[in-house]
Amino acid sequence: AGVLPGGSASEISSTTGEVQILGITDAKEGTTYLQRCDDSYLDAAGVRLIAGRNFNANLATDTAAIIVNETYLKRLGVHNIEEVLNQQIRYGDEEDGQKYHLIGIIADYHRTSLKNSVEPTATFFYEMPGYVVLRLDETNYRDGIQFLEETYQSYFPNTPLDYAFL
């Protein structure tokens with residue numbers, strides 16, 4: 001992932017420019033948080049896909065794909081999620097805006113602290129994220145951590161493994 005779940009709003013990119021689902025919504029301004037991840041992130045982080053599909057590393061077109069959360073759609077006034085799937089989302093004005101193909105909608109989840117409200121978040125495919133998100137067996141997580149530390153040290157012997165639990 002480009003940013004770890006549980007981080008603060010300042011640890012993720014955002015935009016405040018115009019956003020529009022072409023042919024469906026009016027352009028609206030407001031803060032949208034922008035997250036990058038690979039095709040295994042949703043499963044590893046336990047994020048539920050409620051419509052559409054996940055990213056696919058084997059599809060070159062997914063570099064221009066986007067997955068958004070429910071709060072993102074609510075901000076745009078979308079009530080029928082099926083009508084927006086496979087539509088184009090534009091960031092910026094009509095002339096210079098960047099367009100993305102909406103392939104999936106995820107259930108709202110707390111990307112930051114549980115004390116904060118869920119933010120409108122757009123997720124983009126990126127195969128070289130800055131962090132690794134793993135799901136360990138909760139009954140045997142110590143063995144999992146030991147394996148991770150040993151494997152990491154075999155590649156980076158002079159750098160300690162830095163990890164956190166969510």
Side-chain angles (χ1 to χ4, degrees), residues 1-135 162-166:
V3 175
L4 290 175
S8 70
S10 65
E11 295 174 343
I12 188 170
S13 300
S14 64
T15 181
T16 56
E18 284 187 358
V19 176
Q20 180 181 18
I21 301 175
L22 298 178
I24 296 178
T25 69
D26 293 330
K28 291 192 179 178
E29 289 187 9
T31 302
T32 299
Y33 291 89
L34 310 173
Q35 179 168 308
R36 300 176 306 175
C37 69
D38 64 14
D39 54 352
S40 64
Y41 172 77
L42 297 182
D43 184 50
V47 177
R48 189 170 54 93
L49 187 68
I50 59 174
R53 66 174 180 85
N54 192 6
F55 296 116
N56 183 334
N58 296 317
L59 295 177
T61 55
D62 275 7
T63 58
I66 186 172
I67 295 174
V68 301
N69 67 353
E70 294 169 293
T71 296
Y72 180 103
L73 294 177
K74 288 174 193 168
R75 190 189 72 190
L76 290 175
V78 172
H79 302 290
N80 180 355
I81 61 175
E82 295 298 327
E83 79 174 329
V84 297
L85 276 175
N86 298 310
Q87 300 301 314
Q88 294 290 313
I89 293 181
R90 185 189 71 228
Y91 284 89
D93 61 31
E94 289 184 35
E95 293 179 21
D96 302 322
Q98 184 74 29
K99 295 177 186 167
Y100 298 92
H101 179 224
L102 179 58
I103 62 166
I105 298 157
I106 55 175
D108 283 343
Y109 72 101
H110 287 275
R111 189 193 51 74
T112 61
S113 168
L114 294 176
K115 297 176 185 176
N116 299 337
S117 60
V118 174
E119 303 137 331
T121 304
T123 304
F124 301 90
F125 183 66
Y126 187 67
E127 287 191 277
M128 305 253 326
Y131 297 96
V132 176
V133 177
L134 300 170
R135 181 178 296 264
D162 184 22
Y163 62 89
F165 290 97
L166 302 179

Quick one: [atom1] on [X] to [atom2] on [Y], what's the gap to the nearest 0.5 Å?
X    : Y    : atom1 : atom2 : value
T16  : E29  : OG1   : CD    : 7.0 Å
L42  : T123 : CG    : OG1   : 7.0 Å
E119 : Y33  : CD    : OH    : 5.0 Å
Q98  : I89  : CD    : CD1   : 12.5 Å
H101 : N86  : NE2   : CG    : 4.0 Å
F125 : I67  : CZ    : CD1   : 10.0 Å

Heavy atoms, side chains only, cut-off 4.5 Å: are [X] and [Y] in contact?
X    : Y   : value
V68  : I66 : yes
I106 : I50 : no
Y41  : F55 : no
F124 : C37 : no
V19  : R90 : no

If we ignore hydrogens and angles and just use 3.5 Å, is the side chain of [X] paired with the main-chain N or O of [Y] as donor and acceptor?
X   : Y    : value
Q20 : D26  : no
R75 : K28  : no
D62 : A65  : no
N69 : I105 : no

Are D39 and R53 ion-paired here, with the side-chain N under 4.0 Å from a carboxylate O? no
Nearest heavy-atom pair of Q87 and I24: which atoms, and what distance?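 Nearest pair, atom of Q87 first, then I24: CG-CD1, 3.6 Å.
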Heavy atoms of G52 and L85 approach each other most closely as N-CD1, 3.6 Å
Is the closest side-chain donor-acceptor distance between S40 and D38 under 3.5 Å? yes
Using the rule given for side-chain contact (heavy atoms from CB on, under 4.5 Å), can you reason through V84 versus L73, listing the C-alpha separation, both sets of side-chain angles and the distance that settles it, and then say yes or no? CA-CA 9 Å; V84 297; L73 294 177; 4.2 Å; yes
Result of checking V118, T32, L76 against T71 for side-chain contact (heavy atoms from CB on, under 4.5 Å): V118
Look at atom NZ of K99 and say whether more than 12 heavy atoms of other residues, nucleotides or ligands are closer to it than 6.0 Å.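 No - once you tally the heavy atoms of other residues, nucleotides and ligands closer than 6.0 Å, there are 12 at most.
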